[in-house]
Structure formats: structure tokens, C-alpha cells
**Student:** 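Just dropping this structure here.
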Amino acid sequence: MTPPNIVVATKNINTDHTSESVSTKNVALDFTGKRLVDRPYDDKQLKEMFKRQDANGDGRLSREELKNAFASFGSFAPGWRAFRALRHADKNRNDYVDEDELDYVVKYAAKRGYKIK
């Protein structure tokens, strides 16, 4: 799902600098037409992405749900990131990230610098 202020446009890009070879790829543009490639996620976007990973709808994130979230960010080792995020955020040590602990996970993920691609 594309945020409302971002438009996905198709742009022809000459990848080998010859006039014969042109490839087409989608690029994210903001409402002014500025390209938004490799822009970091902001806290609001990260929080929403984590909330979407709550597969069973119980209002908390398990280690597996965290792993899926980090995989969606393109993490090299999503299982490790999920383990570390859980250790960082799970203040009551119930092995879940509850709603009141979610900001700690968002802060942890923001420090890793995941970017919109």
C-alpha cells in the first residue's frame, strides 16, 4: 500500500548509456515529483508496519511476527533482529511486544536505518 503523499510512477531509465537499451522501472515520487529512493522510514511508518504484522490480531507481537516485520524491511538476519528487538523492548518479559512497548521496537528499528526501496 502506497502512502497518500507518494505516487508510484513508471520511468524509462537508460542503464547502459546507449540509445538502444532502455529499461522501465517503478520509482516512488512525492506530490512534487521528487524521487524518494532510499529514504528512511519515519517512526509513524515503522509503527504501522509493525502493527500490520500482528497476524492473529491479539494486539501484541510475537518473535515470529517481529521476524516477519524485519524481513519485510529487507533485514539481512530478520530472526536475529527479532530476537534483539524483543530483548530490547519486552520490559515485562512476557516474550511479546505489547502495545505500550511498541515504541521501543520502533526506536530500535529506526536506529538500524531501514530505507524505503
Side-chain angles (χ1 to χ4, degrees):
M1 184 167 131
T2 304
N5 62 339
I6 295 177
V7 176
V8 176
T10 301
K11 184 175 185 176
N12 290 329
I13 299 173
N14 187 342
T15 56
D16 67 356
H17 308 293
T18 67
S19 60
E20 293 89 33
S21 177
V22 177
S23 65
T24 303
K25 79 181 218 184
N26 288 333
V27 293
L29 305 173
D30 70 5
F31 65 94
T32 65
K34 182 179 174 187
R35 190 172 170 163
L36 298 175
V37 175
D38 294 339
R39 185 178 60 120
Y41 290 103
D42 62 31
D43 289 354
K44 184 178 176 182
Q45 291 170 318
L46 287 170
K47 191 170 193 172
E48 186 58 37
M49 291 179 78
F50 279 115
K51 284 183 175 183
R52 276 189 256 150
Q53 294 300 322
D54 183 13
N56 58 6
D58 63 355
R60 57 189 189 169
L61 296 172
S62 66
R63 184 179 297 176
E64 189 64 28
E65 291 167 333
L66 287 169
K67 180 181 173 183
N68 293 338
F70 282 105
S72 74
F73 299 145
S75 174
F76 175 70
W80 172 252
R81 288 291 172 214
F83 169 78
R84 296 296 299 151
L86 191 59
R87 297 290 295 162
H88 179 76
D90 186 20
K91 302 301 181 189
N92 61 6
R93 298 292 181 227
N94 66 351
D95 290 328
Y96 291 93
V97 174
D98 303 311
E99 180 71 32
D100 58 330
E101 299 166 331
L102 188 56
D103 287 335
Y104 295 110
V105 173
V106 169
K107 187 176 178 182
Y108 173 82
K111 283 184 181 180
R112 308 282 96 47
Y114 295 110
K115 297 180 181 187
I116 299 170
K117 301 220 188 243

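Position 1 is the first residue of the sequence, and the numbers go up from there. Note: hydrogens, waters and symmetry copies are ignored here, and every other heavy atom, side chains too, is used.
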**Student:** Given side chain to side chain contact (heavy atoms under 4.5 Å, CB included), test L66 with V97 step by step and report yes or no.
**Tutor:** CA-CA 9 Å; L66 287 169; V97 174; 3.9 Å; yes
**Student:** Parallel, tilted or perpendicular: which fits the ring planes of Y108 and H88, with parallel below 30° and perpendicular above 60°?
**Tutor:** tilted
**Student:** Does Q45 reach the main-chain N or O of D42 with its side chain, forming a donor-acceptor pair under 3.5 Å?
**Tutor:** yes
**Student:** Would you find a donor on one side and an acceptor on the other, under 3.5 Å apart, between the side chain of R84 and the backbone of G79?
**Tutor:** no
**Student:** Does any N or O in the side chain of N68 come within less than 3.5 Å of the main-chain N or O of S72, such that one atom is a donor and the other an acceptor?
**Tutor:** no
**Student:** Would you call Q53 and K67 a side-chain contact if the rule is heavy atoms closer than 4.5 Å?
**Tutor:** no
**Student:** Should the heavy atoms of other residues, nucleotides or ligands under 6.0 Å from CZ of R93 be counted, would the total exceed 12?
**Tutor:** yes
**Student:** Of all heavy-atom pairs between P78 and A71, which one has the smallest distance, and what is that distance?
**Tutor:** CB-N, 3.6 Å
**Student:** Hey, are the side chains of K51 and L102 touching, using non-hydrogen atoms and a 4.5 Å cut-off?
**Tutor:** yes
**Student:** Would you mind checking if R60 and E65 are paired as a salt bridge, meaning a charged N to carboxylate O distance below 4.0 Å?
**Tutor:** no
**Student:** Starting from the C-alpha separation in whole Å, work towards a yes-or-no answer on side chain to side chain contact (heavy atoms under 4.5 Å, CB included) for E101 and N92.
**Tutor:** CA-CA 9 Å; E101 299 166 331; N92 61 6; 3.2 Å; yes
**Student:** Under a 4.0 Å N-O cut-off, is there an ion pair linking K91 with D98?
**Tutor:** no
**Student:** Are M49 and Y104 linked, directly or through other ILVMFWY residues, by side chains that come within less than 4.5 angstrom of each other?
**Tutor:** no
**Student:** Pair R81, Y114 - check side chain to side chain contact (heavy atoms under 4.5 Å, CB included), show working.
**Tutor:** CA-CA 12 Å; R81 288 291 172 214; Y114 295 110; 3.5 Å; yes
**Student:** Measure centre to centre between the rings of F70 and F50, then say whether the value is under 6.0 Å.
**Tutor:** yes
**Student:** Can you see which heavy atom on L46 is nearest to which on F73, and at what distance?
**Tutor:** CD2-CZ, 3.7 Å
**Student:** If you compare all heavy atoms of G59 against all heavy atoms of D54, which two are closest, and at what distance to 0.1 Å?
**Tutor:** N-OD2, 2.8 Å
